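To start, the structure under review is shown below, and the notes come after it.
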Protein chains: 2
Amino acid sequence: MSLRFALLALLRVGPLSGYDLQKQFAVSVGHVWHAPDSQIYPELRKMEAAGLIEGEERPRGERGTRKVYHMTDAGERAFLDWMRTPLEYARVRDPAHLRAAYLEATTPAAAREFFRAHISEWEGELAQWEGELARIAAVSNPMLALRLAVTPPEDRERTIAFKRFTYEGLVERAQGEIAWAQRGLALVDALAEDGAWSSAAELGA
Amino acid sequence: MSLRFALLALLRVGPLSGYDLQKQFAVSVGHVWHAPDSQIYPELRKMEAAGLIEGEERPRGERGTRKVYHMTDAGERAFLDWMRTPLEYARVRDPAHLRAAYLEATTPAAAREFFRAHISEWEGELAQWEGELARIAAVSNPMLALRLAVTPPEDRERTIAFKRFTYEGLVERAQGEIAWAQRGLALVDALAEDGAWSSAAELGA
DNA sequence: TTAACCATGTAAGGCGTTACATGATTCA
DNA sequence: TGAATCATGTAACGCCTTACATGGTTAA
């Protein structure tokens, strides 16, 4: 359901084609809510059916067309309603901590490999989010620039402040995950030190 | 797919009925991987079909029966293989940070309410995880006690260490979310101070 | 005897993933 | 003329959610 509001958030700055939406999605709101094109196009159609957006076919070249979507009043209302509605939090489902809880069952090597992969996964996310933070500071993210262009000057500070604040939170989360996994590596070292970490775990090796 | 390995992790300590499994699930591994009964029973059947576990019907009272599952060698191997396989990380899909990025669109009151709800959500998780940490320290979680009973003495430290480490990570994550949301409340106060936070957001009110 | 708990599911539907599919346009 | 990119999807499948459904057993 959040996908819908992520798309509305983008369309609030102005009309966009499905393709542009999908491209801009990937480099803006997609950093907090991932969605592939195969999900975006059908969702746009559903949103049009629900009256939240309207699409106009525009010619492109000789034979090509593309559909440019814009928000309706109902769409704007739906977005603002969502903002005032309590979020539904997903139940916890965390594969990394699930595995971490049972690492005694495997070998020290596999445990280390797990933590290294965790670090590298979150370093990737961290880089994305730090990049966004930098682009926010420099107002070099195209969607943010567009948004500021349609925002009254006195509201611009707020607009930037919430984006910065959001990505700061994500950066801290990633740093926390990395620090935790680094402590995990140290823990494996400590536990493996006496050489007693059993070989039973090598069954499937 | 992780559900399967969460169930195998429980069954490694010994045979359990579907019902017991489901009950124990909720108070142990369910803290990191939530699953309702309506998912657990069918998954057990699939796991049986895949040869990872075997179920035996046992009589219960006059007419009742219950199915007691135990792990097969193939199940043990599947679990250990999973331990040595890189995790698949889910793409980011974070409704709270999605909303946070666009809070300038709503009212200060709604923004505050959002952060308060975020705090209360994570305080709930925090309490769960801190409770688990305490039960781990006291070895008063029944599944952990069972597990230690079937674990050679020299491996018990490791078993406890990874559980403690896992829940410490979750506690820190929750604390991070709470701290972030508290800074969010302060940010809303600061931005609302000059009274200029516009009324456009009240459209749908 | 009635409530709590034991015990095990089905059914419908939404969201998301991966893979596949097709054709137009633009620029080098 | 060929590659990149514009443009828009479908199909199949799996996971998860919510709601519903049914009956047996045990202890007060």
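Remember, predicted model here, so these are calculated numbers, not experimental data. Only heavy atoms go into these numbers, but all of them, side chains included; no hydrogens, no water, no symmetry mates.
- One finds the CZ atom of A:Phe5 at 10.5 Å from the CG atom of A:Leu7 (value rounded to the nearest 0.5 Å).
- Nearest-nucleotide assignment on DNA chain C puts the 5′-proximal partner with B:Pro42, out of B:Arg91 and B:Pro42.
- Rounded to a whole Å, the CD atom of A:Glu88 is 17 Å from the P atom of D:dC16.
- Under 3.5 Å, the side chain of A:Ser38 and the base of C:dT17 form no donor-acceptor pair of N or O atoms.
- Here the P atom of nucleotide C:dC5 and the CD atom of B:Gln22 are 13 Å apart, to the nearest Å.
- In this structure, B:Ile40 places its CD1 atom 13 Å from C1' of C:dA7, rounding to the nearest Å.
- Using cut-offs of 30° and 60° on the angle between ring planes, the pair A:Phe115 and B:Phe162 is parallel.
- Checked against D:dC16, D:dT8, C:dC6, the side chain of B:Trp33 finds its nearest nucleotide in D:dC16.
- Contact check, B:Arg93 against C:dG16: a side-chain N or O comes under 4.0 Å of OP1 or OP2.
- No hydrogens or angles considered: a donor-acceptor pair under 3.5 Å links the side chains of B:Thr65 and B:Glu57.
- Rounded to an integer number of Å, the gap from CG of A:Leu7 to P of D:dT8 is 13 Å.
- Side-chain atoms of A:Leu126 and A:Val171, non-hydrogen and from C-beta on, do get closer than 4.5 Å to each other.
- Of the candidates C:dC6, C:dG16, C:dT8, C:dG16 carries the atom nearest the A:Gln39 side chain, counting heavy atoms from C-beta on.
- When rounded to the nearest whole Å, the span between CG of A:Leu16 and C1' of D:dT8 equals 16 Å.
- Between the CG atom of A:Asp37 and the P atom of D:dT5 there is a distance of 15 Å, rounded to whole Å.
- Using a 4.5 Å heavy-atom cutoff, the side chains of B:Leu8 and A:Tyr102 are not in contact.
- Side-chain N/O atoms of B:Tyr19 include none lying less than 4.0 angstrom from OP1 or OP2 on C:dT8.
- In this structure, the CG atom of B:Leu21 is 14 Å from the P atom of C:dC6, given to the nearest Å.
- Each of B:His31, B:Arg173, B:His34 was compared with A:Asp94 under the side-chain hydrogen bond (donor to acceptor under 3.5 Å, both in side chains) criterion, and only B:Arg173 meets it.
- Two rings, from B:Phe165 and A:Trp180, have their centers less than 6.0 Å apart.
- Residue B:His34 contributes atom NE2, which lies 16 Å from atom P of D:dC15 at whole-angstrom precision.
- Residues from residues 44-71 of chain B with heavy atoms under 4.0 angstrom of DNA chain D, sorted by number: B:Lys46, B:Arg60, B:Gly61, B:Glu62, B:Arg63, B:Gly64.
- Residue A:Tyr41 has no polar side-chain atom (N or O) positioned under 4.0 Å from OP1 or OP2 of D:dG9.
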